[in-house]
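Structure first, commentary second.
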Amino acid sequence: QVQLVESGGGLVQAGGSLRLSCAASGYIFGDGAMGWHRQAPGKRRELVANITNGANTEYADSVKGRFTISRDNAKNTVYLQMNSLKPEDTAVYYCYVISRGFFYWGQGTQVTVSS
């Protein structure tokens, strides 16, 4: 079984920073990608950031230059450093891991950015 547990969400003022963590337990195939989606009320879920096992990264245009994704393979953990946060970043953030072609999702962590 694969389980993902997110942490690090919370309330922050515009311009502030948060660091999200997502720890995966269970068997994860070594070449799987990990990343983050987010969903705000009334909006579709969107990809925020993705990182491959080879550390190639991709970001949504709206977060480029502000967010940084990283991973610690020894801990099966993916991180999202979020700087210069904006109110429009407010959403539930879901981490995921891809293992042998299957997607696994966390339960989400709320990020709220006040203006």
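Since the structure is predicted, the reported quantities are computational estimates derived from the model, not experimental observations. This chain uses plain numbering: 1 for the first residue, then up along the sequence.
At a threshold of 4.5 Å between side-chain heavy atoms, the hydrophobic network of Ile, Leu, Val, Met, Phe, Trp and Tyr places Tyr79 and Tyr94 in two separate groups. With hydrophobic clusters built from ILVMFWY side chains whose heavy atoms lie under 4.5 angstrom apart, Leu47 shares a cluster with Ile98.
With rounding to the nearest 0.5 Å, the separation of OG1 in Thr57 from NZ in Lys64 is 9.5 Å. For the atom pair OH of Tyr96 and CE of Met34, the computed distance is 9.5 Å after rounding to the nearest 0.5 Å. Put simply, CH2 on Trp36 and CD1 on Ile51 are 12.5 Å apart, with the number rounded to the nearest 0.5 Å.
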Quick one: do Tyr93 and Cys22 satisfy side chain to side chain contact (heavy atoms under 4.5 Å, CB included)? Show the steps, please. CA-CA 10 Å; Tyr93 286 70; Cys22 176; over 6 Å; no
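A 4.5 Å side-chain heavy-atom check between Asn73 and Asn53 finds at least one atom pair inside the cut-off.
Residues Val48 and Val63 come closest through the heavy atom pair O-CG2, 3.7 Å. Considering all non-hydrogen atoms of both residues, Pro87 and Ser115 come closest at CG-CB, 3.8 Å. Counting all heavy atoms, side chain and backbone alike, Ile69 lies closest to Gly35 at CD1-CA, 3.7 Å. When all heavy atoms of Arg66 and Asp89 are compared, the pair lying nearest together is NH1-OD2, 2.8 Å. Between Ala33 and Asn50, the shortest heavy-atom distance links the atoms CB-OD1, 3.8 Å.
Of the possible donor and acceptor atoms, none in the side chain of Glu6 sits under 3.5 Å from a partner among the backbone N and O of Leu20. With hydrogens and angles ignored, the 3.5 Å screen pairs no side-chain donor or acceptor of Thr112 with any backbone N or O of Thr90. Side chain of Gln81 to backbone of Arg19: no donor-acceptor contact under 3.5 angstrom is found.
Below 30°, between 30° and 60°, or above 60°: for Trp105 and Phe103 the angle between ring planes is below 30°, a parallel geometry.
The 12-atom threshold is not exceeded at CD of Gln107, counting heavy atoms of other residues, nucleotides or ligands nearer than 6.0 Å.
For Glu46, the salt bridge (charged side-chain N to carboxylate O under 4.0 Å, His left out) test picks out Arg38, with sequence neighbours left out. Under the rule for a side-chain contact (heavy atoms from CB on, under 4.5 Å), the partners of Ser25 that lie at least two apart in sequence or sit in another chain are Gln3.
Among the candidates Val12, Leu11, Asn83, Leu80, the single residue satisfying the side-chain contact (heavy atoms from CB on, under 4.5 Å) test with Leu18 is Val12.
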